[in-house]
Structure formats: C-alpha cells, structure tokens
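Notes for the one structure printed next.
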Amino acid sequence: MAKHFKAPTGTVDFLPDYHDYFTFVKKVIRHRFRQSGFRRTSTPMFEETEVFLRALGETNDITARELYSFKDRQDREYTLRPEITTGIVRSFIEHEMQLEALPKELYYIEPCFRFERPNSRTKRQFWQFGAEVLGESDPSIDAQMMYLGHRILKDLGLDDICELKINTIGSPADRKEFFEALANFYSGKERTLTPESQEKLAQKKYLELLDPKSEDEEILVQMAPKITDFLSKDSRQFFDDVQEYLNSFGIKYTIDYSLVRPLDYYTNTVFEFHEVGNKNKVLVGGRYNGLIEKMGGPNLGGAGFAAGVDRIISLMKTEGIEVPQKDELQIFLAATGPVAKKHALPILIKLREHGYHAVGVLGRTSMQEQLERAQRFNVPYTLLMGDLEVKKKQLIVRDMETGKQVWIDQDKVLEHMDGLLGAQVNLDTTTDFLGHN
RNA sequence: GCGAGCGUAGCUCAGUGGUAGAGCAGCGGUUUGUGGUACCGCUGGCCGUGGGUUCGAUCCCCAUCGCUCGCCCCA
C-alpha cells in the first residue's frame, strides 16, 4: 500500500464540524468590530525574520525557541508570523497610514504559526483574531479595547467563565527606576528564587520576576517594590483614567500587579481575560506606545488585543454552547435508471435554486443503492424517480423516517416540498449576488 | 527545553517468547423498483521503522520516527 500522508506535526485539519463554530465566531467578531469602526486587514503569512526580532526582542524564550523560521530559495531568512500585531505595525509604516484619519482601527482573523511542542491546547498553526488601534494614546482607547473583548466573549457565551485582570507597567522611564529598585531588592536573595527566575534576574528581565513561580517567590514579590511607587504623574493619571472609563460602563475587573508581558513593546496598560479558576489566557492585550517608532515609523502610540480562535471554540464546546447548523441537507434526489437520471438533474437544480440544500443524481441507479446513500446523507426526504415516473411526469416523495410515500406531479414539486419543509429563504434566481439581472 | 504514556485490520482495541483475534465499518446474500433492524458468508495485517538478545521476537533490550497527554512558555 502507498504511504499514508499526514498533516505536519502540530497542525490539524479544520474540518466541517470545526467550521460550524468558526463561521459563528467570525460572524460575531465582524459584527462587533464593524460596530466600533474597525476595518479588516491582512498581512502576509510570513515576514523577514528581522521584523519579528526587532518587534519582539531578541533575547527571550519566544524568539529563541518559538519562531517558525526558514530560508527561501534565495537564502533569505523568513519567519511564519507568530502573531499579527508586528505585521500590522510594519504595514502601517509601509503604507504611511499616519497620513490618514487617526486612529487607524484595524481588525483581523488570521492563521499564525509557532514552533511549539504540540498538546491539547497548543498547535503549530492556529487562528487568531484581534484588533489594533494605531496613532492615538488616549486611555479611553484602552478601556474600549477591553469592552470590545468583553463584548465578544459575551456574545460567544463565555463571559461567565472569563475574568478580566488589568495592570500597568508604566513607561520605559518609569520602569528604569523601578528596575533599579528591583535589582537592589533581589540582590542577595537569588538563592530563594527558582533556577528559571535566577536566569531572568541575570538577564535583567525584571518584569517577569513579578509573576511568582513558587511560594517563596510569592512572598518576595509581596515585599518587593511596586511599580505603582515609581509611576510618573502622567502614567498614574493614565491608569486611573483607564479604570474610570471601565467603571463608567460597569465592566468587572481586578487589578493584578503580577500581570506582565514577556515582550519589550508593551507600555502602560496590560490586560487579560483568563478562565476563572486557572491561568489559561483567553484574550490578552495592552498598550504599546514605543513599537511603531521602534519599527522605524513615526512616534505614535497603539493598543490592541488578540485571542486564539481554536481555544475559544474548544471552550465553547466544553461549555456545551451550540451554534446554528446551516449545512443540513434536506432532500436527496434518487434517480433509478439511466433515463431517469437524465431527467432528474434539472429538477435537482430547480430545487437548489429555490433554496433547498439538495444532493442526488449520483452513482449506480439501483433502488437499493440510491436509498442507502440517501440514508447515509441523513436527509428527511428522498425524491424517487424511475422510468415509470419519467413517463408519467411524476415523482415519489418518501419520508425517510416513516417510510411513507406519495406520488406527485413533477411540476408541483416546489409547492409540495414547501408544504413539508416550510418556505425557503432564497435568492431571486433571476439576479446575481450583486443584484444584476 | 523537560517528563509520562501509546504505536497490532479502514476505525476502536484485546493478545502471547513458537510468524495473530474481537467488535464496528466495508463487500456479497436472505430481499432482481425501496434504506435503517435481524441472520448468514466474505474481504482485510512486514503487529510503526532499524538494530540487538534468542534455535525462534508482535512480545524482552536499545535506538529512531510518529501520535497523545502534562510541565515550561504562551506575543
């Protein structure tokens, strides 16, 4: 036997059952983003590796072991995008969007790639959706992003199992002093830290030390200097304003000073919705005021959030949330005999254009074969046409559940099926989708 | 990057140091213009791959690849 091919390690086929959910999720996302003035954008699936190294930083776990990189036939270094923000910022700069009306509000639903060890929650190719607001740094934007995230989760039925946490990590200037204080504080206490944290300390990744990895570290973090003591007047005001806006529309949140991001580009606000009772992130975001300039563009602020579609769908399934199924077949048209087959196809097309989901006129034409197929397609009704029916211009309507059959005239088929299945919502068959005759 | 488990028929799995079994699926029949249920029959496997131990390995050992599940991480 020939070799069986498989989907590459860490990838999965997104089969029709997945798309039942995906279609619904996309519909919600599009609706909520459009409502808020966002427009959809797409960037290439891969960029020069340098683009990601610049944006994400060169010395962290993410760039060291999670980038899906390759050389092309001309020896250029490329990387499949691990997230979308970087590409959008590159695109913003390349197309000089700062000359357009600001803020630029963009959203996306795109596949991303990370070179991970695959498990039930992590794959190497996965879908992300998210939004970016570029060219404006008002705290109201941050609050609006959180509202949008919340609103989408609510539409998907997940708001009850997700909680919002927020924090501020200040400006780079604020952090400079804060980090010096942290360095002093941890000096001499290295042995209390886990080996991983000792490494973070050595690499001066002070922010990541704020997320404790052991009970000892938790105690240390509580005693350690707090970012709030080092915030400039502006940064403090900004964070206060964000909270005031959040309060103004009554969204629930808690402040969590251990909430940080491993990437260089965040400033001020960071937030995440995670599952209640564990740390599994569902939707994460924050402000990144230095990123556009760092990528070679104008000195403009930005904020955004992102969420994994696959994780959301699996949560919906766990929660027993069902989505509308619009692909169910309604009619199987069984033609028994070669003559009937020729006569049946126009009827099948007529049924479809009337709005029915119909299949048929397939395969061998024995009655048994036809009914077996109809049964496997799980249709409520089968229309049977043999040579006898062709001659009489009739067909048989068989109720697949009861087995009851009635003979009707072929030119009454639409009225008859409407009586059984209800009138169909259909496009006018004399026009195309754009309304042209 | 670390750890655990599993690779036997299309699928789900059992099994034994002496070259393999069940259920489901598939195909055919009981039923030549009528599906589902039932009964009968048939097809189907280099026991993941490579090496080692052994008279002999699907089984024991080593390696390798693949899958699954954790951990780290999760932009």
Side-chain angles (χ1 to χ4, degrees), chain A residues 1 3-12 51-57 60-68 79 81-89 112-124 126 128 130 132 194-197 199-200 205 207-208 211 213-214 260-266 270 272 274 278-286 288 291 304-308 310-311 332 334-337 339-340 364-390 395-405 407:
Chain A
M1 210 202 297
K3 179 191 172 188
H4 277 80
F5 292 111
K6 286 177 168 176
T9 297
T11 65
V12 293
V51 171
F52 295 115
L53 291 180
R54 177 90 66 85
L56 305 173
N60 54 44
D61 285 356
I62 285 167
T63 47
R65 59 179 243 225
E66 302 271 12
L67 293 185
Y68 211 129
T79 294
R81 60 182 175 202
E83 45 89 44
I84 304 295
T85 304
T86 300
I88 289 183
V89 167
C112 294
F113 307 82
R114 297 176 189 174
F115 199 84
E116 313 231 29
R117 183 78 167 267
N119 62 37
S120 62
R121 288 195 301 279
T122 320
K123 299 283 183 277
R124 287 186 181 174
F126 55 95
Q128 282 220 329
E132 315 292 349
T194 61
E196 291 78 16
S197 296
E199 203 172 313
K200 300 286 183 205
K205 299 205 165 291
L207 273 186
E208 292 176 58
D211 189 8
K213 306 294 182 205
S214 69
V260 294
R261 285 287 128 74
L263 300 181
D264 296 347
Y265 62 56
Y266 285 98
V270 291
E272 73 179 37
H274 63 81
N278 66 46
K279 285 178 127 186
N280 288 341
K281 301 178 205 310
V282 178
L283 187 151
V284 305
Y288 44 84
L291 182 59
F305 69 80
D310 312 82
R311 205 167 286 188
F332 187 91
T336 62
V339 177
R364 295 198 305 275
T365 56
S366 79
M367 192 63 94
Q368 181 163 331
E369 149 98 358
Q370 290 292 308
L371 277 167
E372 274 175 9
R373 280 196 193 232
Q375 205 246 320
R376 296 202 59 169
F377 279 111
N378 199 24
V379 292
Y381 295 99
T382 297
L383 306 184
L384 295 158
M385 277 179 75
D387 294 347
L388 200 61
E389 285 72 27
V390 171
L395 47 75
I396 306 166
V397 180
R398 181 180 178 89
D399 180 322
M400 292 301 279
E401 203 174 322
T402 64
K404 282 189 183 156
Q405 301 186 157
W407 275 254

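Lettering follows sequence order; numbering is per chain, from 1. Any value given below was found using the heavy atoms of this structure, including those in side chains, with hydrogens, waters and symmetry copies removed.
- For the OP1/OP2 pair of rC73(B) and a distance below 4.0 Å, the side-chain nitrogens and oxygens of K213(A) include at least one atom meeting the criterion.
- Among rG33(B), rA75(B), rG26(B), the nucleotide with an atom closest to any side-chain atom of L56(A) is rA75(B).
- Proximity note for R65(A) (side chain, C-beta onward) versus rC74(B), rG33(B), rG1(B): the nearest is rG1(B).
- For residues 366-376 of chain A, the pairs satisfying salt bridge (charged side-chain N to carboxylate O under 4.0 Å, His left out) are R364(A)-E369(A), E369(A)-R373(A), with sequence neighbours left out.
- rA38(B) and rG44(B) have their C1' atoms separated by 24 Å, given to the nearest Å.
- A cation-pi arrangement is present between R124(A) and F115(A) under the rule of less than 6.0 angstrom and at most 45 degrees off the ring axis.
- Distance from the side chain of I396(A) is smallest for rG33(B) among the nucleotides rG33(B), rG36(B), rA75(B).
- Note that the CD atom of Q405(A) and the CG atom of L383(A) stand 11.0 Å from one another [nearest 0.5 Å].
- Relative to the side chain of E116(A), the nucleotides rU34(B), rG66(B), rC73(B) differ in distance, and rC73(B) lies closest.
- Among the nucleotides rC73(B), rU34(B), rA75(B), the one closest to any side-chain atom of D61(A) is rC73(B).
- Judged by distance alone, with hydrogens and angles left aside, the side-chain atoms of E83(A) form a donor-acceptor pair with the main-chain N or O of T85(A) at under 3.5 Å.
- Both distances falling under 3.5 Å, in either a Watson-Crick or a G-U wobble arrangement, place rG23(B) opposite rC11(B).
- S366(A) has no side-chain polar atom (N or O) that falls below the 4.0 Å cut-off from OP1 or OP2 of rG33(B).
- Scanning atom types as modelled, one donor and one acceptor separated by under 3.5 angstrom connect the side chain of R398(A) and the base of rG35(B).
- Taking atom C1' in both rG7(B) and rU64(B), one finds a spacing of 13 Å when rounded to whole Å.
- If you check rU34(B), rA75(B), rC73(B) against the side chain of E83(A), the one that comes closest is rA75(B).
- Proximity of R121(A) to the phosphate of rC71(B): a side-chain N or O atom is located under 4.0 Å from OP1 or OP2.
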